[in-house]
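Chain identifiers are assigned alphabetically (A, B, ...) following the order of the sequence lines, protein sequences preceding nucleic acid strands; residue numbering begins at 1 within each chain.
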4 protein chains.
Amino acid sequence: MENEKAPRGPKFRRRADARPDEVLDAALELFIANGFAATRVEDVARRAGLSKGAVYLYFASKEALLEGLVRRAVTPIATQALEQLGHFEGDPRIAISATLRMVATKLVDPKLIAIPRLIMREVVQFPELAIMYRNEVLNHVLPVAERLIARGIAQGYLRPVDPELTVRSIVGPIALHLILAEVFQLVPEDGLAMDRLLENHLSILFDGMSLPGGSK
Amino acid sequence: MENEKAPRGPKFRRRADARPDEVLDAALELFIANGFAATRVEDVARRAGLSKGAVYLYFASKEALLEGLVRRAVTPIATQALEQLGHFEGDPRIAISATLRMVATKLVDPKLIAIPRLIMREVVQFPELAIMYRNEVLNHVLPVAERLIARGIAQGYLRPVDPELTVRSIVGPIALHLILAEVFQLVPEDGLAMDRLLENHLSILFDGMSLPGGSK
Amino acid sequence: MENEKAPRGPKFRRRADARPDEVLDAALELFIANGFAATRVEDVARRAGLSKGAVYLYFASKEALLEGLVRRAVTPIATQALEQLGHFEGDPRIAISATLRMVATKLVDPKLIAIPRLIMREVVQFPELAIMYRNEVLNHVLPVAERLIARGIAQGYLRPVDPELTVRSIVGPIALHLILAEVFQLVPEDGLAMDRLLENHLSILFDGMSLPGGSK
Amino acid sequence: MENEKAPRGPKFRRRADARPDEVLDAALELFIANGFAATRVEDVARRAGLSKGAVYLYFASKEALLEGLVRRAVTPIATQALEQLGHFEGDPRIAISATLRMVATKLVDPKLIAIPRLIMREVVQFPELAIMYRNEVLNHVLPVAERLIARGIAQGYLRPVDPELTVRSIVGPIALHLILAEVFQLVPEDGLAMDRLLENHLSILFDGMSLPGGSK
DNA sequence: AATGAATGAGGATTCATTCAT
DNA sequence: CATGAATGAATCCTCATTCAT
């Protein structure tokens, strides 16, 4: 499995071919840190530990790096999928809470929002990236969430909201919180406070911000 | 409506003094359409109806165009201000609804989200733009909203939510809806449907998505 | 003589037309200070107190400024001339000493070497300037000096040196002294010390540096 | 002799490592012929037999070419040095004559005065070049000559002249002769006649132009 | 005569991409 | 496979010159 034939060659080489992946790793870091335009192919090469020319052995162009990045991030989704969510039994609010907590926690890791952020930034130059991401990720994930909501309504757990639009209400606050923090460095006094945001958001999401018996 | 074929000689025109503004208008359109890096100064010039060199009569560099753009967008805010919101009397949910409807409707106009979008895209290259926008706009607008919420709580209209974080819950869904539409071209079947989104969102925002007496 | 008609016009104007001269003054200062290439026509205009366009009323091009500068400096020479030198009676060493002292003292004023320096610098770009200077100045002045030397020889004051080449021996040390000072900032400890240089130079020039009865 | 049609493919050639030197050679020729400002980097590249971009592999900027040129010319001096002059035994006039003849002969080669000429021309734009040349060359060479003179005085060969200023008297005439020739194309009828100049100059330098027992 | 806004050719520099080795 | 020297298109910016006012 690991190419037991002793690794000999001009210089030690990784197994099979981790090279393209290493190049993508390097590219992702630099694209995120400096933007696509401001990143030189040579920078990517250096960070990946090979030469400028070698990058072109794996990727036909600088743009292909971007595409490869998105493709790599996108591929597992379609197969993996959060199918469990769709088959979840019982109160969907529990699934929503759990998933949202999980998602939000993960998104705090810059590596994970990296691809969506990259796409948002480069979409004008390379619209096909956004299309790919939509087809491979959003079009798989969003419907699952929508079905969960729909079932929650059907089963009497939720009010009759519009599932498609309600997904925006569920995820939007988290997205905005991250944008304000990352782009504008606008965070609460005690830091990102994603936990507090989640609790505040979930409570509003499920029960609204109105005072139940309040002056209404 | 655009390019009214202003009465000017083939080559020269006395400055209308609107020139810098015209250049910024051109720059904004192109920066939004193609990104900062992919826009050539000459493109801006041509669209503004003058020559490459003339742009440099008004702006010292290409980057100065970007800064000028943000500065122009930002300046009126500090003075203008949505103070009325802060002084609003009575049920704050009415103010929130009205404002949100107003804001969401306006944001559909690409010209209005242009600057924030531009900043989101170029923030890595020019972080000072984001800082400027934060200081001049967000730091003025967000506190007003927070005070409105705080007062709503104090006056018994709202549950004791965290005002700062709740602003994310109020605005986030709209932001995400626009991002999905603009970046990923993900819109409901009947189009952007901002009205429907707003109603769905406001109803969840105020009353939650749980069925009041529902199986809970 | 001074255009007694009251000076009226949009703005006070100098008599007759000092304008071209003022422009040349400005140009000379800037060309010397920054070089021809690094001086912008607008700089010249501003220093001369008029607008860029106005410069072109007097001079057809930037290059014409340079030419005008040299022409102005050169014109008086041909007429003025140091004819007295040629007609000088008696020991020519007295004339040489006196003239050299006078010249050296004057050359310390940057304004006076300005033109030769300018020509030396720009000669590759504008060889005609050097030609003009040679024809109008050097070809008038050098022969006078040569005749003085020739007569000194004929009259038994001087050894039979080559008059043409000896002019280099007379003027060269002063030229080099100025170059070392201006270009390389190499001056004696007590400053330019032109007086000391002159005395040292003249004593060598007339009597040599050998010790007369010295070990020879 | 120039451009030996080096055996290289139409487009590529492995670095001979002489590349930077070849580029400097090209730059020197062009800078001397046309001046720094009037020389395009592409001209230098073409003359060196490579492309515009390749120049930037070796020199960070056009200005770096100039600096590299001076640095290259200057480096050997400090080590090399004319120390023999300082240690010369016996009549210093012999050393002076020999050295001056050698120097003057060499300086007729345009390649050798190239650097000082370049510096004289560009000193206004790049004063650090002159400083570098002064520190690395003049400050090493001039003191040697001064010491030689001082010793000549101490040993009774020379009159008590000022060594520092006398160096001007020794070298100045040659410098002026070259300037008149190169800048103003003023040469004796029989050409540059450096030999004749030297003999005339040395005879005056050592013995003065006065007729010894002459009418004085 | 004077102004200064406008022009546009010119040139330095960068960097994706190629290819001889 | 890998290298990195070399290429040259692309683009920012400068500034001499023009000309409507």
Side-chain angles (χ1 to χ4, degrees), chain A residues 9-11 13 17 19 37-46 49-65, chain B residues 8-17 19 37-45 49-65, chain C residues 9-11 13 17 19 37-46 49-65, chain D residues 8-17 19 37-45 49-65:
Chain A
K11 297 193 179 167
R13 266 261 307 299
D17 234 327
R19 274 288 163 79
T39 299
R40 302 198 299 278
V41 172
E42 187 161 13
D43 296 337
V44 176
R46 194 174 359 257
L50 28 62
S51 76
K52 204 182 353 172
V55 170
Y56 285 87
L57 295 174
Y58 303 109
F59 297 91
S61 69
K62 190 185 177 186
E63 187 179 339
L65 279 174
Chain B
R8 57 180 155 88
K11 276 177 102 181
F12 292 96
R13 190 177 89 176
R14 229 84 289 266
R15 77 142 152 224
D17 192 42
R19 271 292 157 82
T39 300
R40 302 201 303 286
V41 172
E42 189 161 11
D43 296 337
V44 176
L50 28 65
S51 73
K52 199 177 13 162
V55 171
Y56 287 90
L57 295 176
Y58 303 109
F59 298 91
S61 68
K62 191 184 173 187
E63 187 178 339
L65 281 174
Chain C
K11 298 195 179 168
R13 266 259 306 300
D17 234 332
R19 275 290 162 79
T39 299
R40 302 198 300 277
V41 172
E42 187 161 13
D43 296 336
V44 175
R46 190 167 11 249
L50 27 63
S51 75
K52 203 178 358 170
V55 170
Y56 284 88
L57 295 175
Y58 303 110
F59 298 91
S61 69
K62 191 186 176 187
E63 188 180 338
L65 280 173
Chain D
R8 58 180 157 86
K11 277 178 102 182
F12 291 97
R13 190 179 87 174
R14 228 85 290 265
R15 72 140 152 224
D17 192 40
R19 270 294 157 78
T39 299
R40 303 201 301 287
V41 171
E42 189 161 12
D43 296 337
V44 175
L50 28 64
S51 74
K52 202 177 9 165
V55 170
Y56 286 90
L57 294 176
Y58 303 109
F59 298 92
S61 68
K62 190 184 175 187
E63 188 179 338
L65 281 175

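Atom CZ of Phe59(D) is separated from atom C1' of dA5(F) by 15 Å (rounded to the nearest Å). The distance between atom CD of Glu63(D) and atom C1' of dG11(E), rounded to the nearest whole Å, is 16 Å. Atom pair Leu65(D):CG and dG11(E):P shows a separation of 16 Å (rounding to whole Å applied). For the pair Arg19(B) CZ and dA5(E) C1', the interatomic distance rounds to 8 Å; values are reported in whole Å.
Ala37(B) and Ala37(A) get closest at one heavy-atom pair: CB-CB, 3.8 Å.
With a 4.5 Å cut-off on side-chain heavy atoms, Arg19(D) and Leu50(D) count as touching. Using a 4.5 Å cut-off on side-chain heavy atoms (C-beta onward), Tyr56(C) and Val41(C) make contact.
Note that NZ of Lys52(B) and CG of Asp43(B) are 11.5 Å apart. Values are rounded to the nearest 0.5 Å.
Nearer the 5' end of DNA chain F, as judged by each residue's closest nucleotide, is the contact made by Gly53(D), out of Ser61(C) and Gly53(D).
Ranking dT17(F), dT3(E), dT3(F) by closeness to the Tyr56(C) side chain, first place goes to dT17(F). Of the candidate nucleotides dT3(F), dT14(F), dT7(F), dT7(F) has the atom nearest to the side chain of Ser51(D). With distances taken from any side-chain atom of Tyr58(B) to the nucleotides dT3(E), dT17(E), dA5(E), the minimum falls on dA5(E).
A donor N or O paired with an acceptor N or O is not found under 3.5 Å between the base of dT13(E) and the side-chain atoms of Lys62(D). Side-chain N/O atoms of Lys52(C) and base N/O atoms of dT17(F) include a donor-acceptor pair closer than 3.5 Å.
Counting any heavy atom pair closer than 4.0 Å across all strands shown, Leu50(B) reaches sugar-phosphate atoms only and no base atom.
Of the residues in residues 37-46 of chain C, those lying under 4.0 Å from DNA chain F by heavy-atom distance are Thr39(C), Arg40(C), Val41(C).
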Original post:
Tell me, what's DNA chain E's dot-bracket, Watson-Crick or G-U with both distances under 3.5 Å, | for other-strand, [ ] crossing?
Top reply: .||||||||||||||||||||

